[in-house]
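Below is one structure, written out as structure tokens, with a few remarks after it.
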There are 2 protein chains.
Amino acid sequence: MSPDQDADDPSAPPATPTVTPKAAYHHGDLRAQLIAAVRELVETHGPDGFSVAEAARRAGVSSAAPYKHFKDRPEILRGVVSEAMDRLRAAMEAGAAAHPRASLEAVAAVGLAYVEFARGEPGVFRLVFGLTEGHENAPDLLAKGEGCFGVVVQAVAACLGLLPGDPDVQRRAYMLWSFVHGHSFLTIDMKHKVASAEIDDWDYLMRISRAMLAPAAQA
Amino acid sequence: MSPDQDADDPSAPPATPTVTPKAAYHHGDLRAQLIAAVRELVETHGPDGFSVAEAARRAGVSSAAPYKHFKDRPEILRGVVSEAMDRLRAAMEAGAAAHPRASLEAVAAVGLAYVEFARGEPGVFRLVFGLTEGHENAPDLLAKGEGCFGVVVQAVAACLGLLPGDPDVQRRAYMLWSFVHGHSFLTIDMKHKVASAEIDDWDYLMRISRAMLAPAAQA
DNA sequence: TGACGAAAGTTAGCACCTCTCACATATGTT
DNA sequence: AACATATGTGAGAGGTGCTAACTTTCGTCA
């Protein structure tokens with residue numbers, strides 16, 4: 001079995017009593033070091049411009065060592081994506097927490113965290129949402145995606161004074177998300193100068209949030 | 001002799017010669033055939049799951065032949081992207097042309113063409129907007145991206161009765177585009193069930209277009 | 001027409017990459 | 001101390017990107 005994905009789970013793990021912090025036998029948590037190396041490579045050389053061999057080289061191990069921790073090349077990428085999604089979600093939650101609950105600012109802050117993540121780590125961001133072969137066999141990644149969406153839903157629901165399960169909330173949250181997602185992508189792609197230069201993100205997001213949460217948006 | 005023979009491509013892409021149709025010496029427009037093969041591979045095996053060797057194999061030539069037509073592996077991908085952007089733009093223009101000028105429907109139709117392209121060729125769509133190394137040395141791709149954006153701008157300008165150069169038009173067009181772009185990506189990623197199942201695209205796009213073209217969106 | 005040069009294909013081959021296998025070494029448990 | 005297991009290494013098979021050198025086809029022009 002080899003519990004691969006045990007990060008720092010605050011929730012008490014009942015199944016595995018032994019492995020709590022990390023695996024540090026020979027090398028000292030090679031797994032995390034590999035993920036860090038791959039993240040760096042993806043960021044500098046593009047999503048497909050990395051190699052397992054190069055990551056191993058950077059970690060100071062042989063080119064076969066990574067396969068003791070990951071089954072595949074894709075599995076390493078999935079590891080990077082998983083870790084990145086944790087950080088993305090944390091950033092979104094922090095954004096929301098920096099403003100009063102049930103405020104338009106909280107909603108906009110969630111979106112801003114999203115955009116800033118994309119701008120800060122464009123390669124990883126692209127990897128997260130460009131992964132196709134990983135998602136099929138990776139329900140945990142799907143779950144984390146749902147978790148991120150949940151943050152948006154929470155903020156929207158609070159702002160509207162409705163329950164998160166409300167279809168209207170879901171719909172508005174989805175619209176908001178697709179907006180922010182598209183803006184993020186266009187920004188890092190620099191597909192148009194407007195994206196990177198002439199747009200004040202906060203203004204933009206506040207305007208969008210207001211429009212999407214207005215009663216008229218339901219129609 | 002006109003080399004307009006469709007070799008083995010009964011599928012979507014209509015006659016769109018990517019570049020000079022001058023290459024028909026031995027094989028018969030190997031360049032176009034390679035691009036078609038790569039497009040197919042990208043669509044089935046994912047953006048990074050293709051190889052020049054496999055494409056050459058499918059085209060029935062040796063693995064070195066592609067390098068007579070393309071300098072690099074990335075250049076082949078750029079060829080596919082270029083051809084795809086031509087088709088995307090054509091689809092967007094056709095969408096707009098199917099409705100009266102200066103109508104909300106024309107704007108929504110441009111977006112619908114975009115979404116349908118993404119749904120129809122998710123792999124290629126992802127490739128188009130996931131290409132990083134190609135864009136630096138490829139001003140033609142950037143120009144084509146601008147061209148696609150121009151279609152949106154045209155529709156929006158006509159609908160608002162303003163000039164395409166108007167910053168307000170540019171801004172609204174960008175907002176619309178980011179919305180459509182994000183929706184397309186989320187749809188093909190199936191990041192959330194709402195995206196693929198519970199959304200009527202036309203309704204969605206009409207609502208978005210109306211919201212983005214309303215005077216209030218300017219604020 | 002025939003010679004020539006360029007275009008478009010071939011094989012051979014190097015360097016690199018992914019991934020596996022057999023083997024070596026550290027670690028915790030009994 | 002002995003064992004089973006987790007974690008490392010090196011060798012190597014097979015695939016891939018790309019280049020070099022050679023061969024074949026085609027258009028052109030004296």
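Lettering follows sequence order; numbering is per chain, from 1. Small disclaimer: the values here were computed from a predicted structure and weren't measured.
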From C-beta outward on B/P74, which listed nucleotide comes closest to its side chain: D/dT16, D/dC18, C/dT18?
D/dC18
Nearest-Å distance, CG (A/D29) to P (D/dG8)?
10 Å
Kindly point out which of C/dT10, D/dT19, D/dG8 is positioned nearest to the side chain of A/K68?
D/dG8
Under 30°, 30 to 60°, or over 60°: which ring-plane class applies to B/H99 and B/W202, parallel, tilted or perpendicular?
parallel
Would you please name every residue forming a ring-ring contact (aromatic ring centres under 6.0 Å, His included) with B/F117, sequence neighbours left out?
none
Could I get the full list of salt bridge (Lys or Arg N to Asp or Glu O under 4.0 Å) partners for A/E83, not counting sequence neighbours?
A/R39, A/R87
Taking salt bridge (Lys or Arg N to Asp or Glu O under 4.0 Å) as the definition, give me every residue that meets it alongside B/R101, ordered by chain and number, with sequence neighbours left out.
none
Taking salt bridge (Lys or Arg N to Asp or Glu O under 4.0 Å) as the definition, give me every residue that meets it alongside A/E93, ordered by chain and number, with sequence neighbours left out.
A/R89
Partner residues of A/E40 under the salt bridge (Lys or Arg N to Asp or Glu O under 4.0 Å) criterion, sequence neighbours left out
A/R58
Tell me the interatomic distance from B/E54, atom CD, to D/dG17, atom P, rounded to whole angstroms.
10 Å
In whole Å, I'd like the distance from the CZ atom of A/R31 to the C1' atom of D/dA6.
14 Å
Rounded to whole Å, the CZ-P distance (B/R73 to C/dC16) equals 18 Å
Quick test: give all pairs of protein nitrogen or oxygen and nucleotides 11-14 of chain C nitrogen or oxygen below 3.5 Å, distance rounded to 0.1 Å.
none

With the side chain of A/H69 defined as its heavy atoms from C-beta on, choose the nearest nucleotide among C/dA8, D/dG17, D/dT7.
D/dT7
